[in-house]
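Worksheet: the structure to be examined is printed underneath.
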2 protein chains.
Amino acid sequence: MTPSRAAGEPTRDQIVSFLERCADRGVPPTVREIGDAVGLRSPASVHRQLRTLEEDGRIICDGDGRSRSWRITKPKSRRRGGGMIPVVGRIAAGEPIDSLEGEEDFLPIPPNGFASSGDVVALRVEGNSMTDAGILSGDYAIIRRQPEVENGQVAAVSIDGQGTLKVWRRTGKGKISLEPRARGFEVIRLGRGSGEVSVFGRLVGVARMYGEG
Amino acid sequence: MTPSRAAGEPTRDQIVSFLERCADRGVPPTVREIGDAVGLRSPASVHRQLRTLEEDGRIICDGDGRSRSWRITKPKSRRRGGGMIPVVGRIAAGEPIDSLEGEEDFLPIPPNGFASSGDVVALRVEGNSMTDAGILSGDYAIIRRQPEVENGQVAAVSIDGQGTLKVWRRTGKGKISLEPRARGFEVIRLGRGSGEVSVFGRLVGVARMYGEG
DNA sequence: GAGGGTAGCGAACGAATGTTCGCATGTCGA
DNA sequence: TCGACATGCGAACATTCGTTCGCTACCCTC
């Protein structure tokens, strides 16, 4: 009889996922702790899956017979919330740029300082429409992904798939203004029939790195 | 007979140091591993020191009787190069501020992204003399400590013990200009007899965090 | 020198842990 | 239907590991 376990994610993926979470927290789990986490009551069941995962190269065993020695093969640099903020693309601070996503690089800044939780990414800013807000072309905009922002907050907005960084202001029912923060740039006014507009996220931080020049 | 152990650092400090190193690497050690690391051949010896350290509040035991459960009380935020940049004080972007150092806080940004090596600290910017360079009051200036900078680079400069953030320019023999980057601020010109001037470091990055507002 | 405190050792015990073995159940294709 | 296969269980077994106990040695102070 197959035991009544939470359906959906396969057992082996659950184990890998649990090991990832443990790697984030610091202490690797024991075999029985893994069993508790994924719903396997016998350490033998866990152990067999661990061996299989090892053959697949997804996990490795640090010591042989030592306690808490099973761990993820690679620290999974795609992991968010552990150390890096992924740079998922570029964003305009002038004319909207078409490519808003497409993971490119990693910014060595833990999101903890910018947002305690949630999905935080970085976008490289191109353009000068926000220079008066201290956001220059080449800066990294730290964006927390969220579907809505409040009036006056700086938002990464997607207009017909093109992304731009502006101050968000709802001026009326279905009417939105996207305000630049620099001289020489016009306010973008959006109403009905202005195309598809969606908030990508809210600006929670800015990071800039100077080279040797 | 006291065994021949490496003299110098007391055993207890060695243990704490070893636990710190393990915390960095990820896996907490077993009692016997600690013994091997610090030169204690009996787990009993290690265990007694662990209990003493626990009473002193320097370490804590996560689980009681579980393996690998001894760890450092606090992750020692003073550590540099591992995760945080220390915020060592405030710096003026307007009128010089007297307090340049005095460790206050930690910015959750690893220096790796800003400088591969060296002593990197953060200073909280106060004032608006560098706003045209995208450095606003309240930002964190990421400073790599170095005694000299080149013309045109932004430097944290100490004038008679007062710190300020400006563009550094040597205008002649013994003559220095400190240029603001904002309207309404005057260039500070320094020559012989202008007091003691020293470069605190070079600006290698800027970080800004927005709150909920 | 006596005595207390500190710090080390080895031995031992019990619990935790990794690992193996045999068995049962469900799936899938021949 | 039958057998190979995957997966789970419980029961061991062998280490590992945390912890305790008694002992010895050194360093003090009195």
Side-chain angles (χ1 to χ4, degrees), chain A residues 1-19 22-23 25-73, chain B residues 1-19 22-23 25-73:
Chain A
M1 193 265 301
T2 299
S4 62
R5 285 179 38 254
E9 199 178 18
T11 301
R12 217 141 351 164
D13 291 338
Q14 282 186 57
I15 292 177
V16 173
S17 169
F18 181 64
L19 285 177
C22 288
R25 279 205 18 259
V27 187
T30 66
V31 173
R32 284 171 180 80
E33 284 171 354
I34 297 172
D36 288 343
V38 306
L40 289 176
R41 279 183 292 187
S42 169
S45 307
V46 179
H47 193 255
R48 178 171 356 187
Q49 301 298 354
L50 290 174
R51 283 285 177 224
T52 308
L53 283 168
E54 188 186 29
E55 287 173 13
D56 295 348
R58 300 178 64 183
I59 67 175
I60 60 176
C61 185
D62 263 334
D64 219 36
R66 300 184 330 122
S67 67
R68 304 174 188 275
S69 56
W70 292 100
R71 63 176 181 84
I72 295 294
T73 305
Chain B
M1 194 263 304
T2 300
S4 64
R5 287 178 37 251
E9 199 178 19
T11 301
R12 215 132 18 174
D13 292 338
Q14 283 186 57
I15 292 178
V16 173
S17 169
F18 180 65
L19 285 177
C22 288
R25 280 207 15 262
V27 187
T30 66
V31 173
R32 284 171 180 80
E33 284 171 354
I34 297 172
D36 289 342
V38 305
L40 289 176
R41 280 183 292 187
S42 168
S45 308
V46 179
H47 193 253
R48 178 170 2 183
Q49 301 299 354
L50 290 174
R51 283 284 176 225
T52 307
L53 284 167
E54 188 186 29
E55 287 173 14
D56 294 348
R58 300 178 64 183
I59 66 174
I60 59 175
C61 184
D62 262 336
D64 221 36
R66 300 185 331 122
S67 66
R68 303 172 188 277
S69 56
W70 291 100
R71 63 177 181 83
I72 296 292
T73 306

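A, B, ... follow the sequence lines: proteins, then strands. Residue 1 opens every chain. Quick caveat: nothing in here was measured; it's all calculated off a predicted structure.
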Whole angstrom value for the distance that separates C1' of D/dT7 from CD of A/Q14: 14 Å
Any donor-acceptor N/O pair, B/R68 side chain to A/S67 backbone, under 3.5 Å: yes
Interatomic distance where CG belongs to B/L53 and C1' belongs to D/dG18 [whole Å]: 16 Å
Whole-Å distance separating the CD1 atom of A/I15 from the P atom of C/dG18: 13 Å
Touch class at under 4.0 angstrom, heavy-atom based, for B/S67 against every strand present: sugar-phosphate
Sugar-phosphate, base or nothing in reach of B/T30, heavy atoms under 4.0 Å: sugar-phosphate
Distance, rounded to the nearest Å, where B/L50 contributes CG and D/dC17 contributes P: 14 Å
Separation of D/dG18 P from B/I60 CD1 (nearest whole Å): 16 Å
For atom CD1 of B/I59 and atom C1' of D/dG18, their distance in whole Å: 13 Å
Rounded distance (Å) that lies between atom C1' of D/dC23 and atom CZ of B/R41: 15 Å
Note, B/R71 side chain near B/I60 side chain (heavy atom, < 4.5 Å): yes
Quiz item: B/R48 side-chain donor-acceptor pair to C/dG8 base, under 3.5 Å: yes
Sugar-phosphate, base or nothing in reach of B/R32, heavy atoms under 4.0 Å: base
Distance in angstrom units between A/R66 CZ and D/dG18 P, rounded: 11 Å
